[in-house]
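Reminder, nothing fancy here: chain letters follow the sequence lines and each chain counts from 1.
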Number of protein chains: 2
Amino acid sequence: MVTIKDIAKLSGVSPATVSRILNGHPTVSPELRERVLQLARELNYQPNAVARSLVSSRSRLLGVVIPDISNPFFPDVVRAVEDVAAQHGYSVLLSNTDWNLYREKESLGILRSRQVDGIVLVPSQVEPHLDWLTRSSIPVALLTRTNPSFDSVETDHFRGGYLVAKHLVDLGHTHMAVIGDTCDPKYKGFREGLIDAQIPVATNLYSWQLSKNDATQEGAYQLTLQKMREFEQLKQNRAQAGGMPTDQQLERPTAIFAQNDLMAIGVLMALEELGVKVPEEMAVVGFDNIRLAAAVRPALTTVAQPSYELGRIATELLIERIESRREIPPRHIVLEPRLVVRGSTTRLRQQAPVELSSREAIPDHGSSA
Amino acid sequence: MVTIKDIAKLSGVSPATVSRILNGHPTVSPELRERVLQLARELNYQPNAVARSLVSSRSRLLGVVIPDISNPFFPDVVRAVEDVAAQHGYSVLLSNTDWNLYREKESLGILRSRQVDGIVLVPSQVEPHLDWLTRSSIPVALLTRTNPSFDSVETDHFRGGYLVAKHLVDLGHTHMAVIGDTCDPKYKGFREGLIDAQIPVATNLYSWQLSKNDATQEGAYQLTLQKMREFEQLKQNRAQAGGMPTDQQLERPTAIFAQNDLMAIGVLMALEELGVKVPEEMAVVGFDNIRLAAAVRPALTTVAQPSYELGRIATELLIERIESRREIPPRHIVLEPRLVVRGSTTRLRQQAPVELSSREAIPDHGSSA
DNA sequence: ATGAAAGCGCTAACAA
DNA sequence: TTGTTAGCGCTTTCAT
């Protein structure tokens, strides 16, 4: 390996001078500069970033910690991080956690030992390692989640959920199911939307819970199969009982809201298998607006998150913080979600929707993407 | 930052001893070991990987250079690289080149200056920076492309193309178009397959070339629109000329083979817009078998590449080379492609296929996915 | 304008 | 078994 010493020796100057020249220090004679630069080029010299990091205690390395790059939501995020990082002369260390808090902690530890200058973190759980992060004093930008102590960038999931609720209510739906984690703000927003529309959530909103590990396309597929069969069973039981009074609680939902597109696609597949027509018999809504959402048939109504934007902004905040000498108070950026109406939702036919006239506008012109 | 010195001072031993303890060196008294380890834990000490790299001249860093993580083929590859790397105690530096030779060179330079121990490279062009790579003496594993000087892992694209040709011929197709780069082995395999089936490629195989920059979903979409309109125009001209003799050369193809799934989806979209029915009027075949391929309607017949496997094997070869003290001659792994028959191809109806009987087997039981 | 020297945090000879 | 010393490649005072 060619080092600064080699160049120094061969050009008859001191290593210090070579260093100054390579770093564009102004106080060197032009002739020397030329000679040394020429030599460096000839020797195909490349500075050793490791040595540089050691002395400067700045690595120009950024860590990106995400749940899983195979999940179609993240490639765009990571791409944005890398783009912005590269623009500013940083390289990117990538780490997957599989939504596992232990692995997240481990990754953060490795990044710290590698002296990264900053970390873009998509926390795998609601409560990440805040104390640890704070103590480590590495600048951090949180993505899709927020916390008073750090910069954060997210879309307004609460509002996203609210938009979905409004959309479905406008289409005449009154009984709906949610698949995923009920602590998620998008669920809370959804609930709020129903309440605002006078839907009795206690009876008309089903929570089809899924453990963290099963929050996948496959998990949603299985869960939908199971739940739909339960309703089928119920119907038969009632028929056998000879037309017992219809229990409101047990009405089959006419719409399913899954917490991400991948899970919504699992729902779609289950319904297809069961012969339940989408959107006529069941509306399905996802979240994220990944590419797949537009490609599946019926195309998925969903809430768009600007994934590249999220990554870009987070990285910009992070680098600004790294390179600023002043203390910057944490900033919290919230991006607006956007409802993308496609073929997986339509006006409910079976029962006449209440107040049809006042709601007509949405489904017809609300389509985008 | 807590250093080895701090621990040494506080525990009253020398830095060397602390280092030995932290590295599990056997020649230390158990009592000391316990005391020092305890202290290190209390101080939340974490070794400085940069300093370590400098002295050991091993960074335990792997570079991954790919065209674009947003392209759905690569996340699985990268995921595999990261998984294997992590298993062996390596971290991963990610870099996107956008199929740009200049950026590829730049990325490789940065990785070298960062002293990565090895590089997994998906070359953006047919001819990558072989000389540069050889001179730099960094272990490299090539992905999806091969070269005598380096380890390489790829699926047999030639054979993949051949399989597609065979499949289409078996379905009775005689006029086909290829979208992409004619230098690609999968195109050559396709051609070979047609020749073996006695199809006169000079007249019956159209090459719809696309420049590197346009080799995208959008590019394929535009190209298909254009080409199909040309055929339409031709037909009208012939009609005007009063049923002139049918020129073999100008027969509209009944099948299109795109060089990857994204482009095939572009073709699908164009055909949908033009009202050309797939698969009845036009068969479409892609390559890669990304998730989207199964989700679009009609679902895409394609050639599956085991992307995770590719990444896994490449990384294993790479790490083996890094950690071996002996010289290892370059290894070249070729994985078998697998034809996945879905809804976008079907038996041609219009004209009776030649030798129907002998070909019947494939389309009926060849379905997989 | 240039050189000498010290040191970033760690490891590894060599001594003791 | 432990400590002393040197040095990885580079930058940065402090002299000159």
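Atom pair A:Glu31:CD and C:dT2:C1' shows a separation of 12 Å (rounding to whole Å applied). Rounded to whole Å, the distance from CD on A:Gln115 to C1' on C:dC8 is 11 Å. Rounded to a whole Å, the NZ atom of A:Lys9 is 20 Å from the P atom of C:dT2. Residue A:Ile4 contributes atom CD1, which lies 13 Å from atom P of C:dG3 at whole-angstrom precision. A straight line from CD1 of A:Ile21 to P of D:dT11 spans 12 Å, rounded to a whole angstrom. Straight-line distance from the CG atom of A:Leu22 to the P atom of D:dG9: 15 Å, rounded to whole Å. One interatomic measurement links the two molecules: NZ of A:Lys5 to P of C:dG3, which rounds to 15 Å at whole-angstrom precision. Between B:Gln46 atom CD and C:dC10 atom P the separation is 11 Å, expressed in whole Å.
In this structure, B:Arg20 does not reach the D:dT2 phosphate: none of its side-chain N or O atoms is under 4.0 Å from OP1 or OP2. Contact check, B:Asn48 against C:dC8: no side-chain N or O comes under 4.0 Å of OP1 or OP2. Note on B:Ser56: every side-chain N or O is 4.0 Å or more away from OP1 and OP2 of D:dC8. Between D:dC10 and A:Tyr45, a contact under 4.0 Å exists linking OP1 or OP2 to a side-chain N or O.
Nucleic acid contact for A:Val50: none, since no nucleic acid atom lies under 4.0 Å from a heavy atom of the residue. When heavy atoms are screened at a 4.0 angstrom cut-off, A:Ser19 is found touching base atoms of the nucleic acid. Residue A:Val28 is classed as a sugar-phosphate contact, given heavy-atom separations below 4.0 Å to backbone atoms only. When heavy atoms are screened at a 4.0 angstrom cut-off, B:Ser57 is found touching no nucleic acid atom at all.
Map B:Val55 and B:Pro30 each onto its nearest nucleotide of DNA chain D; the residue landing nearer the 5' end is B:Pro30. Taking the nucleotide of DNA chain C with the nearest heavy atom to each of B:His25 and B:Leu54, the more 5' of the two is matched to B:Leu54.
B:Leu262 has its side chain out of reach of B:Thr216: every pair of non-hydrogen atoms, C-beta onward, lies at least 4.5 Å apart.
When every heavy atom of B:Thr315 is checked against every heavy atom of B:Ala85, the shortest pair comes out as CG2-N, 4.1 Å.
In this structure, of C:dG9, D:dT1, D:dC10, it is D:dT1 that holds the atom nearest to the side chain of B:Ser29. In this structure, the nucleotide among C:dG3, D:dG3, D:dG9 sitting nearest to the side chain of A:Ser14 is C:dG3. Between D:dG3, D:dC10, D:dC8, one nucleotide has an atom nearer to the side chain of B:Ala16 than all others, and that is D:dG3.
When B:Leu94, B:Thr97, B:Val120 are each tested for a side-chain contact (heavy atoms from CB on, under 4.5 Å) with B:Ile66, only one passes: B:Leu94. Between B:Val64 and the options B:Val122, B:Leu121, B:Val81, a side-chain contact (heavy atoms from CB on, under 4.5 Å) holds for only B:Val81.
Using a cutoff of 4.0 Å between basic side-chain nitrogens and carboxylate oxygens, A:Asp117 and A:Arg321 are not scored as salt-bridged. Between B:Glu31 and B:Arg35 there is no salt bridge, since none of the side-chain N atoms of the basic residue sits less than 4.0 Å from a carboxylate O of the acidic one.
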